[in-house]
Amino acid sequence: MSEKRSAPADLTGKQKRRARNSNARVIRTPNEFTNVLAKDAPKVAGAIRADEFTAARIQEINAMQGAIKSAGNALNTLTFQALPRDMRRRAASHKLTRLPAHLRAKAAQEMEHSPPAKRKARRGKRQNKDDIVSREYLRRQKENKWLETHIYHTKRMHMRNIWGYRLAAHPNVKSARSLYRTFQHMSVIHDASYVGCLEVVGKREDIVRIMNPVTDVTLPSVESERFVKGNRMGQTHLYEYLSCPARPICPVSFLWKPSENEMQTLWLWIHPSAFEEARQQVELAREKANQNTVHINDLRDQFIRFDLSGARTTALLQAVVKPVEESEHVDKVSSPTYKSSKVWRDLEHLRSASSIPPGSVIGLTVQDPRLAFAQKVQPQSNPIPSEASARLSQLLAQWPEDIAYSAIWDDEARKKVTELLPSEHALAKRREENLLPGTKLEFKPEDPRIPILLVQRSPGQSNRRGQQDTCKTELLEGWSMILPKGCAMPFWKSFMFAGARVACFEDLRAFHFESGIPCYPYDYLGSRACEDARNMAKHEAESAWLRRPPAKRLNYAKLGVNRPFDAAFDTLTNAMDVDHETKPRPEFYLLHGHKTLSAILSRETNEAAESALVAYLAELYTKRNLTPNSSLRFDAALIQVRLAFFDRGRPEANAMIYLITDETEYETQTTYIRNCEPGLRNKKKLLEALEEENGDADMAMDESEKPKFPPSSDIIGYLTTANFSFHAGCGSGLGACTALGLRRLQDLDKSRGRPVNMVVLVRNPKALQCRPAKLQFLP
């Protein structure tokens, strides 16, 4: 008896399935076919009749149809399982209309063969499903609020309760590299509606008198001439009353209402982690100034805010945002946003939003995007037409100042838009009336007119502070779109179908890291929100470490790391205020501004540097007619830094930054960067060449004499955010160092005449060695 033939043992399950499917697609035909036309070969020279030709090839046709049928039966993947990765759902709907058009026919055939679903018999009184769902959604929002795009996010992203909201943390699929590629070629959108708005109403002089004591004195005041007209959004930092630069709260964005009336309105956009603390300080400043005529209103959850960035962001907005002035039912002469609508259309060929003035505001009144759903982004035209290029150049050279007004400032106008917004059912009924299916709906006079604000977003402007930033910030530059509440999903769906990709709040932190810009609250040391974020990360990391058995987890004691789960800035500065009336606040603080850093780093001694800092801050307070009420501790001052590794290695959060006090260690760590030449690009070959010249005995060092790690007294700072940077192509990190430690680093470079300055050693908490890195200040 013959032995049973077995399949090769080295094939995997995936390879076996591929082989089975490949065999099912093979057209098995007889070796010889009976060709009817061959019997009458002399008559074939003329025209061929279709019936005779089909009869001659009937066996081949039957074999091909049988192969197609067997190949379809061999596939064991359903249509719902064959969707692209970004369209898959854990609980997929069985509605065919939710599938792409080219897959609906196959899915319909599969549903015919599947058994019908059994429905359970309902008992008791039948209730309205919409009422049940609405009550259940309201019950879930008692502790953590939902955004209007919550349902969209919760099907595709991992949700987390944070800052009083239920927010999307990161997508369910790997998306770090794909998001970076999407930014380079298309657009990335982030729903930032959780950022709260605080409204301050009163006379301009009274509002300025309230805001000056609690804002950053090193940045332009809210009464700066560039901001008071309401055509630009400014950025600053909030501090406790007369405590700048100590006791920080959070960074804020502010916008004046464009109006010539005596009563003015100022909007403050504040992160939700510090909103209550910021409001308390503004109210305290109002009490100190005795300005009872100034009203402070909480406008949280009254606006929708979308942050868009990427190469095609302007083109995406041009496709979705359609001003009402383009309709024949609107009187263009009487429309207050007619000029701004013309300016907006002139920006159609704008390549990057960074070309226009930073923080510029465009007020528009737009149509419901569902009328023209689904929009398509126009392909990029290259070159730009001469007339459009001339208009665009003239517009960028002389940016108009009277295009920032919008009816979104009026509370009644915002409520009216929410009430008049039609439902999806009403729009579907209007589409049924169209004679030609698929025709776009026309704007009618009774359709809602949605007021919006488009704000050019330049996050680097608050970090440049008079100095050109050398780091690439295009990942965060773009447009911020502000809408009335209730209008999120109509615009969100249009952006999604037009090609935008969603970014969560952890992705936003990754964008800040790639741009080399600190992200609030993770990198803003000294604030309570940053301490909460650090404590949360510490608790998660320590809990994961404790869940492992003692024999299977890393022994940090043997590595000499006392605090592996957080950055010990309090030990560097010996500053922590635990007796505060609310939460513990660290006494260390960050110094911002190029002039501030120059004042303390250009002095010869630490005492002179401290005196220069106090004198410079006193001068800034005097310009605002203020007097600081607290003295600064110079040993508690921190300076934000950015560093990049020379060669290999990937830094991690809480990594320690060391000084290189040993000159031999400095020579060893900087060998490659000091001797790198165009002909010697390989580090290994370069080191071999140096060993041949100097000898192995000179290059080697006795391991017993070489210390394993630098002493703890050489630690000058820690990293708060670190990873491999796609943009830099190497390990990179953001952190902070003490002002005294950076002065020691400068003294070492200057006194020893080092050829490569600002070189430090970085050690991860889990690492067994230190790696050299180049350090750079963040002004």
Side-chain angles (χ1 to χ4, degrees), residues 215-221 224 226 234-237 239 243-248 251 358 458-471 473 515-518 523-526 569 572-573 588-624 626 628 630-644 657 659 716-717 734-760 773-779:
T215 53
D216 195 343
V217 296
T218 64
L219 286 175
S221 172
S224 177
R226 74 185 78 170
Q235 296 181 2
T236 185
H237 293 86
Y239 295 86
S243 298
C244 177
R247 299 181 179 275
S458 294
Q461 64 180 347
S462 62
N463 296 279
R464 292 178 182 132
R465 298 172 181 267
Q467 183 190 27
Q468 184 66 28
D469 193 9
T470 58
C471 182
T473 59
S515 302
I517 297 176
D523 302 319
Y524 280 76
L525 299 167
F569 287 102
L572 290 179
T573 59
F588 53 81
Y589 56 92
L590 291 172
L591 292 177
H592 299 286
H594 176 68
K595 293 183 179 180
T596 306
L597 301 186
S598 300
I600 62 176
L601 297 177
S602 61
R603 300 300 187 271
E604 296 294 334
T605 62
N606 294 336
E607 292 76 11
E610 183 176 3
S611 301
L613 175 62
V614 173
Y616 176 67
L617 293 176
E619 179 184 356
L620 295 178
Y621 271 101
T622 304
K623 290 182 179 180
R624 297 190 180 185
L626 300 173
S630 61
S631 59
L632 292 176
R633 289 182 48 188
F634 187 66
D635 57 346
L638 299 175
I639 298 176
Q640 287 180 321
V641 296
R642 177 175 57 230
L643 55 83
I657 304 176
L659 290 174
I716 61 174
L734 297 171
C737 297
T738 61
L740 296 176
L742 292 178
R743 286 186 53 81
R744 287 180 58 193
L745 178 59
Q746 281 192 335
D747 294 341
L748 286 173
D749 293 341
K750 184 177 180 180
S751 61
R752 301 185 181 183
R754 292 178 173 176
V756 183
N757 296 330
M758 308 302 292
V759 179
V760 295
K774 179 75 172 180
L775 188 140
Q776 180 185 0
F777 298 138
L778 285 179

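- The shortest non-hydrogen separation linking Val641 to Cys737 is CG2-SG, 4.0 Å.
- Under the side chain to side chain donor-acceptor pair (under 3.5 Å) criterion, Arg744 pairs with no residue, sequence neighbours left out.
- The shortest side-chain heavy-atom distance between Pro251 and Tyr524 falls under the 4.5 Å cut-off.
- For Glu610 against Leu632, the heavy-atom pair with the smallest separation is OE2-O, 4.2 Å.
- In terms of heavy-atom proximity, Leu643 sits nearest to Ala773 at CD1-CB, 4.0 Å.
- A heavy-atom distance below 4.5 Å is not found between the side chains of Pro245 and Thr218.
- Between Thr596 and Leu613, the closest side-chain pair of non-hydrogen atoms falls below 4.5 Å.
- Note that CG of Asp216 and OG1 of Thr236 are 5.0 Å apart. Values are rounded to the nearest 0.5 Å.
- Thr738 places a side-chain N or O within 3.5 Å of a backbone atom of Gly741 that can act as its donor or acceptor partner.
- In this structure, the separation between CZ on Phe777 and NE2 on His594 is 11.0 Å, given to the nearest 0.5 Å.
- Side-chain N or O atoms of Ser243 include none that pairs as donor or acceptor with a backbone N or O of Tyr239 at under 3.5 Å.
- Note: Glu619 CD to Leu617 CG = 10.0 Å, rounded to the nearest 0.5 Å.
- Separation of atoms CG (Leu742) and CG (Leu659) is listed at 8.5 Å; rounding is to 0.5 Å.
- Pairing each heavy atom of Tyr589 with each of Arg633, the nearest pair is OH-O, 2.9 Å.
- To the nearest 0.5 angstrom, Asp747 atom CG is 11.0 Å from Arg752 atom CZ.
- With a 4.5 Å cut-off on side-chain heavy atoms, Leu590 and Gln640 count as touching.
- For Asp749, the salt bridge (charged side-chain N to carboxylate O under 4.0 Å, His left out) criterion is met by Arg754, not counting sequence neighbours.
- One N or O on the side chain of Lys774 and one on the backbone of Asn757 form a donor-acceptor pair closer than 3.5 Å.
- Note: Phe588 and Phe569 have tilted aromatic rings, judged against thresholds of 30 and 60 degrees for the angle between ring planes.
- Under a 3.5 Å cut-off, the side chain of Tyr621 and the backbone N or O of Cys244 do form a donor-acceptor pair.
- The two residues Ala609 and Ile600 have their closest heavy-atom pair at CB-O, 3.3 Å.
- Partners of Asn606 by side chain to side chain donor-acceptor pair (under 3.5 Å), not counting sequence neighbours, listed by chain and number: Arg743.
- In terms of heavy-atom proximity, Asp523 sits nearest to Leu734 at OD2-CD1, 4.1 Å.
- Atoms CG and CD1, from Leu775 and Ile716 in turn, are 6.5 Å apart once rounded to the nearest 0.5 Å.
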